[in-house]
Amino acid sequence: MSVRIHPTAIVEKDVEIGAGSSVWDSVHIRHSTNIGEECIVGEKTYIAYGVKIGNRVKINAFVYICTAVKIEDGVMISAGTVFTNDRFPRATTSDLKQLRTSDPDEHTLPTLVREGATIGAHCTIGNDLVIGRFAMIGMGALVTKSVPDFHLAIGHPARSVGCVCRCGEPLVRFSDDTPPDFDEITCSACGLKYAIKNRMVIELTPPV
């Protein structure tokens, strides 16, 4: 499978793009970034230098992915999502006489998006956090803390309100009082089974 790159896309040196991937119009991919196989990078998306992206990742239009972000296999990043990596950003030195460098420093903090996760449209993703395996981030959310595996997180700031299946269908909604425990719960859409203990989701029948 060949790599498809739109003629208006800018792909800098030392970028690796896996077989079967597509890069659409007006995308800018900075140097030293690695994109896996069968990925889609939507139009007008910007990917900074040194970003690591796994296989079969879908990145919609107008997404901003900064340095220090790592995205594992099978992730969905919806349109207009913005990642951040600097907790204390300033344009200049304290005397306003010199621009600060954009190179990574001690304030550049990583973000990891684990396999199978979905990030809804127009989300803002903070730094120094992990979005867990098959987690679902609702559209417009502001993520400031890590989200556990299979959790559904929504809001400003985002908070976990339930759990979802690998297929994306809801499994259970959390109560504000007592976390629900299930020895076994079955997805009504695909039949996969899970246990939930203290809000931790355990796969009982993961696909082979």
Side-chain angles (χ1 to χ4, degrees), residues 1-86 89 102 104 108-127 129-144 147 150-156 158 164-169:
M1 293 183 290
S2 61
V3 175
R4 294 178 292 177
I5 300 177
H6 194 276
T8 63
I10 300 171
V11 180
E12 297 185 7
K13 64 181 181 179
D14 299 325
V15 171
E16 296 183 10
I17 302 176
S21 290
S22 298
V23 177
W24 293 107
D25 57 287
S26 302
V27 168
H28 188 172
I29 304 175
R30 298 293 311 279
H31 64 85
S32 308
T33 281
N34 187 294
I35 298 174
E37 298 179 356
E38 301 179 63
C39 293
I40 298 173
V41 182
E43 59 267 28
K44 299 175 180 63
T45 283
Y46 177 90
I47 302 176
Y49 55 90
V51 171
K52 306 298 181 186
I53 297 173
N55 300 316
R56 290 169 293 282
V57 172
K58 284 187 176 183
I59 301 170
N60 287 166
F62 300 100
V63 172
Y64 178 86
I65 304 176
C66 56
T67 297
V69 172
K70 181 178 179 181
I71 299 167
E72 294 185 346
D73 294 350
V75 168
M76 173 76 178
I77 302 175
S78 301
T81 291
V82 173
F83 286 82
T84 66
N85 63 8
D86 191 341
S102 296
T108 304
L109 301 174
T111 300
L112 172 62
V113 184
R114 299 292 311 278
E115 63 179 4
T118 293
I119 299 174
H122 291 280
C123 288
T124 301
I125 311 300
N127 49 63
L129 57 80
V130 177
I131 295 176
R133 297 174 59 246
F134 297 96
M136 181 83 69
I137 310 300
M139 60 184 178
L142 170 63
V143 181
T144 60
V147 178
F150 296 96
H151 276 220
L152 169 64
I154 61 174
H156 264 243
V164 297
C165 177
R166 274 179 175 254
C167 72
E169 288 293 314

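The shown structure was predicted, so the numbers you read here are calculated from the model rather than taken from an experiment.
Residues Ile77 and Val75 are in side-chain contact: their nearest non-hydrogen atoms beyond the backbone lie under 4.5 Å apart. Looking at Trp24 and Ile5, their side chains never come closer than 4.5 Å, going by heavy atoms from C-beta outward. Side-chain contact between Val147 and Val130 is absent, with no heavy-atom pair separated by less than 4.5 Å. With a 4.5 Å cut-off on side-chain heavy atoms, Ile119 and Thr81 count as touching. Counting heavy atoms from C-beta outward, Glu37 and Cys39 have side chains that stay 4.5 Å or more apart. Taking 4.5 Å as the limit, some side-chain heavy atom of Val41 sits within range of a side-chain heavy atom of Ile35. The side-chain heavy atoms of Ile137 and Thr118, taken from C-beta on, include no pair separated by under 4.5 Å. Using a 4.5 Å heavy-atom threshold, the side chains of Met136 and Phe150 count as separate.
With hydrogens and angles disregarded, a donor-acceptor distance shorter than 3.5 Å links the side chain of His6 to the backbone of Thr8.
The minimum heavy-atom distance between Gly74 and Val57, with the atom names listed, is N-CG2, 4.0 Å. Closest of all the heavy-atom pairs between Gly126 and Thr84 is CA-OG1, 3.4 Å. A pairwise comparison of heavy atoms in Val3 and Gly18 identifies CG2-O, 3.3 Å as the closest pair. Residues Val164 and Phe134 approach most closely at CG2-O, 3.5 Å, considering heavy atoms. Closest non-hydrogen pair, Thr111 versus Asn127, comes out as OG1-CA, 3.4 Å. Gly140 and Cys123 get closest at one heavy-atom pair: N-SG, 3.8 Å.
Considering only residues two or more places apart in sequence or on other chains, Glu169 meets the salt bridge (Lys or Arg N to Asp or Glu O under 4.0 Å) condition with none of them. For Thr144, the side-chain contact (heavy atoms from CB on, under 4.5 Å) partners are Leu142, Pro157, not counting sequence neighbours. In terms of the salt bridge (Lys or Arg N to Asp or Glu O under 4.0 Å) criterion, residue partners of Arg133 (sequence neighbours excluded) are, by chain and number, Glu115, Glu203.
The closest side-chain donor-acceptor pair between Glu16 and Asn34 falls under 3.5 angstrom.
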I would like to know whether Ile131 and Ile125 meet side chain to side chain contact (heavy atoms under 4.5 Å, CB included); could you show each step before the answer? CA-CA 9 Å; Ile131 295 176; Ile125 311 300; 4.0 Å; yes
Between Leu129 and Val143, is the side chain to side chain contact (heavy atoms under 4.5 Å, CB included) condition met? List the steps. CA-CA 9 Å; Leu129 57 80; Val143 181; 4.1 Å; yes
Output, in order, the C-alpha distance, side-chain angles, deciding distance and verdict of side chain to side chain contact (heavy atoms under 4.5 Å, CB included) for Ile59 and Ile53. CA-CA 10 Å; Ile59 301 170; Ile53 297 173; 3.8 Å; yes
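For the atom pair Ile40 CD1 and Ser21 OG, the distance stands at 8.5 Å (nearest 0.5 Å).
Listed by first and then second residue, the salt bridge (Lys or Arg N to Asp or Glu O under 4.0 Å) pairs that reach into residues 66-79 are Glu72-Arg114, sequence neighbours excluded. Screening residues 39-49 for salt bridge (Lys or Arg N to Asp or Glu O under 4.0 Å), with sequence neighbours left out, gives Asp25-Lys44.
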Determine all donor-acceptor pairs shorter than 3.5 Å in which one atom belongs to a side chain in residues 45-52; sequence neighbours excluded.
{"residue": "Thr45", "atom": "OG1", "partner": "Gly42", "partner atom": "O", "Å": "3.1"}
{"residue": "Thr45", "atom": "OG1", "partner": "Asn60", "partner atom": "O", "Å": "2.9"}
{"residue": "Thr45", "atom": "OG1", "partner": "Val63", "partner atom": "N", "Å": "3.2"}
{"residue": "Tyr46", "atom": "OH", "partner": "Arg30", "partner atom": "NH1", "Å": "3.3"}

